Participant: 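My questions all concern the structure below.
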Amino acid sequence: SCIVSAAPAPAALEAAVDVLRRASITTVSAATIDSFTPITHYASTGYCAASVTLTWTCGANCEANPGFKPTAAGGDGDDVQFWFVGYDPALDSVIVSHQGTDPSDFLSLLTDGDFFLEKLSATLFPGISSSIETHNGFAAAQAETSSAVLQAVQSTMATFGTNNIVTTGHSLGAAISLLDAIFLSLHIPSATIKFVGYGLPRVGNQAFADYVDAQPFSVTHINNKEDIVPILPGLFLGFHHPSGEMHIQDSGAWLACPGQDNPSDQCIVGDVPNIFEGDESDHDGPYNGIVMGC
């Protein structure tokens with residue numbers, strides 16, 4: 001005789017899936033957390049005017065990376081975000097950092113409905129699929145500095161004899177820096193690239209997130225507690241995060257959340273299901289003791 005078993009109830013199935021999601025979430029070691037500290041300072045330094053990053057006289061953030069050799073800087077902090085490029089001998093890497101923006105101003109930009117998904121420039125991103133779309137405002141901000149950044153990175157790599165690039169930033173700066181990682185990988189395919197973003201908003205569509213996941217460069221986006229920005233723009237608008245989330249808990253512990261937009265309540269999407277349950281004040285940090293800003 002044959003035995004027919006009933007299909008699991010949807011609630012039981014969802015519970016089983018949630019157990020699997022949680023099982024794959026891991027605690028980030030103290031050593032790994034500390035390894036991000038120099039990069040966190042570089043992201044914070046992105047808020048400083050070009051004149052002080054070029055002379056490396058920005059105070060505590062600059063003093064935290066005393067061996068850094070700045071090679072280029074630009075932006076006006078208004079129409080064009082501040083940015084800088086230089087060489088870190090301790091990391092043997094070219095550093096590219098972009099300024100973020102005030103959380104309240106940024107939230108209005110992410111929720112005002114004036115933005116849209118658009119194809120990336122075929123000039124800046126040669127050969128990239130037309131199915132890959134990004135937030136038009138983020139793409140425009142990255143395009144503003146792309147040629148100057150590329151020239152500075154190539155020059156710095158040649159001067160210091162390194163093949164490593166780290167792109168970083170916080171908030172809007174994280175979005176620009178993620179696009180920079182893709183841009184630089186297309187124009188300098190021999191480079192080893194690492195992206196580390198803080199309070200990263202969703203930058204593009206599902207095809208974008210899948211493209212980023214398929215690239216050989218390293219992607220880490222670090223979210224603090226109940227920060228609202230990483231859940232914006234909404235999934236319902238067609239925006240998706242790539243993999244690589246680390247989520248700082250209320251306890252201060254860091255968890256590595258696998259997959260795209262992991263829905264567990266230990267990760268940002270589950271912890272902050274809507275903007276009313278988030279906290280704007282978590283956006284600037286602290287990230288392992290570092291609060292963003294010059």
Side-chain angles (χ1 to χ4, degrees), residues 28-75 77 81-103 106 145 149 152-153 156 160 162 164-178 180-181 184 192-200 217-225 227 229-230 244-248 252 254 281-294:
V28 180
S29 71
T32 300
I33 293 170
D34 288 343
S35 74
F36 286 108
T37 294
I39 301 171
T40 312
H41 280 293
Y42 286 129
S44 189
T45 307
Y47 282 90
C48 301
S51 57
V52 295
T53 52
L54 204 50
T55 52
W56 212 239
T57 53
C58 69
N61 278 314
C62 289
E63 289 160 12
N65 287 306
F68 183 70
K69 312 291 186 188
T71 56
Q81 303 303 107
F82 289 130
W83 61 272
F84 69 87
V85 172
Y87 176 70
D88 183 319
L91 300 176
D92 185 29
S93 296
V94 176
I95 307 295
V96 182
S97 177
H98 288 271
Q99 177 192 10
T101 191
D102 178 80
F106 198 37
T145 60
V149 166
V153 168
T156 306
F160 293 96
T162 186
N164 304 316
I165 303 169
V166 176
T167 71
T168 191
H170 167 250
S171 194
L172 173 59
I176 297 171
S177 294
L178 178 55
D180 262 0
L184 292 169
T192 299
I193 298 173
K194 173 190 289 189
F195 162 76
V196 181
Y198 301 82
L200 174 74
F217 54 76
S218 164
V219 171
T220 304
H221 46 112
I222 300 166
N223 299 321
N224 185 47
K225 299 179 182 176
D227 184 5
V229 168
E245 179 190 358
M246 290 187 181
H247 186 214
I248 302 173
W254 291 32
S281 68
D282 286 336
H283 186 53
D284 287 344
Y287 299 88
N288 194 24
I290 301 163
V291 176
M292 293 292 166
C294 189

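Predicted, not measured: the structure shown is a model, and the values here were computed from it. The basis for the numbers below is simple: all heavy atoms, side chains too, and nothing from hydrogens, waters or symmetry mates.
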Participant: So His221 and Leu178, do their side chains get closer than 4.5 Å, heavy atoms only?
Facilitator: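 Sidechains of His221 and Leu178: no contact.
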Participant: What distance separates His98 NE2 from Thr167 OG1, expressed to the nearest 0.5 Å?
Facilitator: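 Rounded to the nearest 0.5 Å, the NE2-OG1 separation comes out at 7.5 Å.
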Participant: Establish, from distance only, whether the side-chain atoms of Asp88 and Ser93 form a donor-acceptor pair under 3.5 Å.
Facilitator: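 No pair is found: no donor N or O on one side chain lies under 3.5 Å from an acceptor on the other.
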Participant: Flag the pair Phe84 / Pro70 as yes when at least one side-chain heavy-atom distance between them is below 4.5 Å, and no otherwise.
Facilitator: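 They are not in side-chain contact.
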Participant: For Ala43 and Thr168, work out which heavy atoms get closest and say how close.
Facilitator: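 Between these two residues, the closest heavy atoms are CB-OG1, 3.6 Å.
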Participant: CE of Met292 to CG of Asp284: how many Å apart, nearest 0.5 Å?
Facilitator: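 Output value for this atom pair is 8.5 Å.
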Participant: What pairs with Leu54 under side-chain contact (heavy atoms from CB on, under 4.5 Å), at least two apart in sequence or on another chain?
Facilitator: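 Leu54 satisfies side-chain contact (heavy atoms from CB on, under 4.5 Å) with Ala73 once adjacent residues are dropped.
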Participant: When you compare the side chain of Thr53 with that of Cys48, does any pair of heavy atoms fall below 4.5 Å?
Facilitator: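 Cys48 reaches Thr53 side chain to side chain.
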Participant: Any idea which heavy atoms bring Thr57 and Cys62 closest together, and the distance?
Facilitator: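 Closest heavy-atom pair between Thr57 and Cys62: N-SG, 4.0 Å.
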Participant: What residues form a side-chain contact (heavy atoms from CB on, under 4.5 Å) with Phe82, not counting sequence neighbours?
Facilitator: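 side-chain contact (heavy atoms from CB on, under 4.5 Å) check on Phe82 returns Ala49, Gln99.
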Participant: What's the spacing between Asn61 CG and Ser44 OG if we round to 0.5 Å?
Facilitator: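 Asn61 atom CG to Ser44 atom OG measures 3.5 Å (nearest 0.5 Å).
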Participant: When you compare the side chain of Trp254 with that of Ile222, does any pair of heavy atoms fall below 4.5 Å?
Facilitator: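 Result yes, sub-4.5 Å side-chain heavy-atom pair found.
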Participant: Are His283 and Asp227 close enough, and set up right, to give a side-chain hydrogen bond (donor to acceptor under 3.5 Å, both in side chains), and what steps lead you there?
Facilitator: CA-CA 5 Å; His283 186 53; Asp227 184 5; 2.7 Å; yes
Participant: List for me each residue that meets side-chain contact (heavy atoms from CB on, under 4.5 Å) alongside Thr156, sequence neighbours excluded, and say none if there are none.
Facilitator: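 Once residues adjacent in sequence are excluded, the partners of Thr156 under the side-chain contact (heavy atoms from CB on, under 4.5 Å) criterion are Thr71, Val85, Tyr87, Val94, Phe160.
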Participant: Can Trp83 and Ile176 be said to form a side-chain contact (heavy atoms from CB on, under 4.5 Å), step by step?
Facilitator: CA-CA 10 Å; Trp83 61 272; Ile176 297 171; over 6 Å; no
Participant: What's the shortest heavy-atom distance between Ala50 and Gly75, and which atoms?
Facilitator: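 So the minimum-distance heavy-atom pair works out to CB-O, 4.5 Å.
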Participant: Distance check, rounded to the nearest 0.5 Å: Asn224 atom CG versus Asp282 atom CG?
Facilitator: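 Reported value, rounded in 0.5 Å steps: 5.0 Å.
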Participant: Considering only heavy atoms from C-beta outward, does the side chain of Leu91 approach that of Asn164 to under 4.5 Å?
Facilitator: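 Side chain of Leu91 against side chain of Asn164, heavy atoms only: no contact under 4.5 Å found.
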Participant: To the nearest 0.5 angstrom, please state how far the CD atom of Gln81 sits from the OG1 atom of Thr101.
Facilitator: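 Interatomic distance, Gln81 CD to Thr101 OG1, rounded to 0.5 Å: 5.5 Å.
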Participant: List in chain and number order the residues that pass side-chain contact (heavy atoms from CB on, under 4.5 Å) with Lys194, two or more places apart in sequence or in another chain; answer none if no residue qualifies.
Facilitator: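 Counting only residues at least two positions away or on another chain, Lys194 forms a side-chain contact (heavy atoms from CB on, under 4.5 Å) with Ile39, Val166, Val196, Ser218.
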Participant: Which label fits Tyr287 and His170: parallel for a plane angle under 30°, tilted from 30 to 60°, or perpendicular past 60°?
Facilitator: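 Tyr287 vs His170 ring planes: perpendicular.
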Participant: State, yes or no, whether a side-chain contact exists between Thr40 and Asn288 at a heavy-atom distance under 4.5 Å.
Facilitator: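 No. Closest side-chain heavy atoms not under 4.5 Å.
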Participant: Mark yes or no for whether Asn65, through its side chain, and Pro38, through its backbone, hold a donor-acceptor pair below 3.5 Å.
Facilitator: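 Looks like yes, one N/O pair under 3.5 Å.
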Participant: State the OG1-CZ distance between Thr45 and Phe68, to the nearest 0.5 angstrom.
Facilitator: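 CZ of Phe68 is found 8.5 Å from OG1 of Thr45.
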Participant: Please give me the minimum heavy-atom distance between Ser171 and Tyr47, naming the atom from each residue.
Facilitator: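 Where Ser171 meets Tyr47 most closely, the heavy atoms are CB-OH, 4.1 Å.
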Participant: What residues, two or more places apart in sequence or in another chain, satisfy side-chain hydrogen bond (donor to acceptor under 3.5 Å, both in side chains) together with Thr192?
Facilitator: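 With neighbours one apart ignored, the set is empty.
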Participant: State, with a plain yes or no, whether a side-chain heavy atom of Ser177 is found less than 4.5 Å away from one of Tyr198.
Facilitator: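 They are not in contact (no side-chain heavy atoms under 4.5 Å apart), so the answer is no.
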Participant: Identify the two heavy atoms, one from Ser29 and one from Thr32, that lie closest to each other, and give their separation to 0.1 Å.
Facilitator: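 The pair with the smallest heavy-atom distance is OG-OG1, 2.9 Å.
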Participant: Got a sec, which residues hit side-chain hydrogen bond (donor to acceptor under 3.5 Å, both in side chains) with Ser35, two or more places apart in sequence or on another chain?
Facilitator: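 So Ser35 forms no side-chain hydrogen bond (donor to acceptor under 3.5 Å, both in side chains) with any residue.
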